[in-house]
Number of protein chains: 2
Amino acid sequence: MATLQGLDRGLRALNSISLAADGLTVADLAAQLDVDRAIAYRIVQTLEEHALVSRQGKRVRLGAGAATLAGRFQHQLVLAAQPVLQELADATGASAFLTLAHGARECVPVAGAQPTVHHGPVQVGYRIGVRHRLERGANGVAILALQPPWPEESEEIARARESGYSITSGQLQQGATGVAAGFEVPGAVGASVGVVAMHEFDVESVAAQVKEAASRLASLSNA
Amino acid sequence: MATLQGLDRGLRALNSISLAADGLTVADLAAQLDVDRAIAYRIVQTLEEHALVSRQGKRVRLGAGAATLAGRFQHQLVLAAQPVLQELADATGASAFLTLAHGARECVPVAGAQPTVHHGPVQVGYRIGVRHRLERGANGVAILALQPPWPEESEEIARARESGYSITSGQLQQGATGVAAGFEVPGAVGASVGVVAMHEFDVESVAAQVKEAASRLASLSNA
DNA sequence: CGCCCTGTTGCTTTTATCGCACAAAAATGT
DNA sequence: ACATTTTTGTGCGATAAAAGCAACAGGGCG
């Protein structure tokens, strides 16, 4: 496997910078990447020219180019999903998410919707763009359940495959329960829709709605 | 000014890929960058490891990592906005909000602040994370007013564009009045800051403070 | 069957990158 | 206010990393 060291460093830098909420000095960045400061300077300069980072004084932080990039990430799927998610969120009174598999072991929530009418001061901590492992959370499990049964899979996955939906509690956040159903996107990856809520709800009925949403999205992405 | 050629190429590749809505073959990419195919392959491999692109069959397209970056960018913007919002809330005695455009017709409030000293039992029904249409509420109108004049726009929008701030009453909640000013996040996203109050206030002075806050936030995301 | 395209690898050559070393600026202490 | 330490920012030559070329296996197509 041949990967480019220079580019790799640049991207790692971008990642580090994006993680630093209140910016990073060039020296800090150099330390994190374990490279000479001079290199870090050149990396930052290059990233800056592409508007991916911006410098204010001595601190480097994520730039608007990141937002631009994301705007172009509109797979037709994400666009099409938005109204479905909104409907699902409103119907169940919980936050709804669309999650895409990334590679074989991770997934990323790429779109979400909150119910229009709130049932209290709920704030669900499942955030768009935060990668996590497939094993954690209902959305990831639902994606795993799409694959043909595999020897060492957890029982959770087998159950999800059989029932058509996955359910987890507290795996991604204390006190939160998630229900999700997976579906295939023809071109490539697995995906799942699900809801996350902090309160009690009728699992049967929510599961049905989630599965319904999944099949709608599946047919959308086939067409 | 010293910029890294390798990284630069990688980022240009990322840009090209992000522009091709339905993907790019590696050969096309190599042509666009005017490099050997072998190099393009190595670039794609590296980008792929960082989740910024994904390959489906022969086509390369923008990957979920872009969404990750966007999420973090938004997170940072919200953090940076918090003190400004707090100051605005305290100065005006009203609840202050930061709202981001979401697509072309909706927006979502992503951060808020309440005045530290209360002027009564204020409860503003404008909730973080709840999407609504751009036409409703001062924050949305302010974002619409950023766009070049468009034929069938409401008079409200034209007024907002001219004066630099929007003002609405009761659109999102009975008896609530909102004042907001928009600003550009130089990529794609429109944003606005505003206040919402249930009581009477001096529009002129509040508008000035809101505009001030908007320009501060704009410079934060530009610099 | 022959042709064109994709994806990958090995190797040579060059050139872009590394990392030292140094200047400038800021922060710190007295 | 001044001296000193720490941190920031930038040339420059040596070197290692990437460019560029060529070759090759598989696959799809006429």
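The chains referred to below are lettered A, B, ... by the order of the sequence lines, with proteins before strands, and numbering in each begins at 1. Because only heavy atoms are used, hydrogens play no part in the values below, and waters and symmetry mates are left out as well, while side chains stay in.
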Among all residues two or more places apart in sequence or in another chain, which pass the side chain to side chain contact (heavy atoms under 4.5 Å, CB included) test with B/Gln86? B/Asp90, B/Ala113, B/Thr116
Throw together a table of side-chain donor-acceptor distances under 3.5 angstrom for residues 73-83 of chain B, partners on residues two or more places apart or in other chains.
from	atom 1	to	atom 2	distance (Å)
B/Gln76	NE2	A/Ile17	O	3.4
B/Gln76	NE2	A/Ser18	O	3.1
B/Gln76	NE2	A/Ala20	O	3.1
B/Gln82	NE2	B/Gly112	O	2.9

With sugar-phosphate taken as primed atoms, P, OP1 and OP2 and all else as base, the protein-contact string of nucleotides 13-27 of chain C at under 4.0 Å (heavy atoms; B, S, -) is ---SSBBB-----S-
Does a donor on one side chain sit under 3.5 Å from an acceptor on the other, for B/Gln114 and B/Ser95? yes
How would you list, by chain and number, every residue that makes a ring-ring contact (aromatic ring centres under 6.0 Å, His included) with A/Tyr41, sequence neighbours excluded? none
Can you list everything that forms a salt bridge (charged side-chain N to carboxylate O under 4.0 Å, His left out) with B/Arg37? Sequence neighbours excluded, please. none
So, is B/Tyr41 near the phosphate of C/dT8, with a side-chain N or O under 4.0 Å from OP1 or OP2? no
At what angle, to 10 degrees, do the two end axes of the helix from C/dC1-D/dG30 to C/dC22-D/dG9 meet, given five pairs define each axis? 40°
Side chain to side chain contact (heavy atoms under 4.5 Å, CB included) involving B/Arg42 - partner list, sequence neighbours excluded: A/Ala2, A/Leu4, B/Ala38
Sort and list the pairs that fulfil salt bridge (charged side-chain N to carboxylate O under 4.0 Å, His left out) and have at least one residue in residues 63-81 of chain A, not counting sequence neighbours. none
B/Arg55 has an atom CZ; how far is it from atom C1' of C/dT8, in whole Å? 11 Å
Using atom CG of B/Leu24 as one end and atom C1' of C/dT6 as the other, report the distance to the nearest whole Å. 15 Å
Could you give all pairs that pass the side-chain hydrogen bond (donor to acceptor under 3.5 Å, both in side chains) test and reach residues 24-33 of chain B, with sequence neighbours left out? B/Ser16-B/Gln32, B/Thr25-B/Asp28
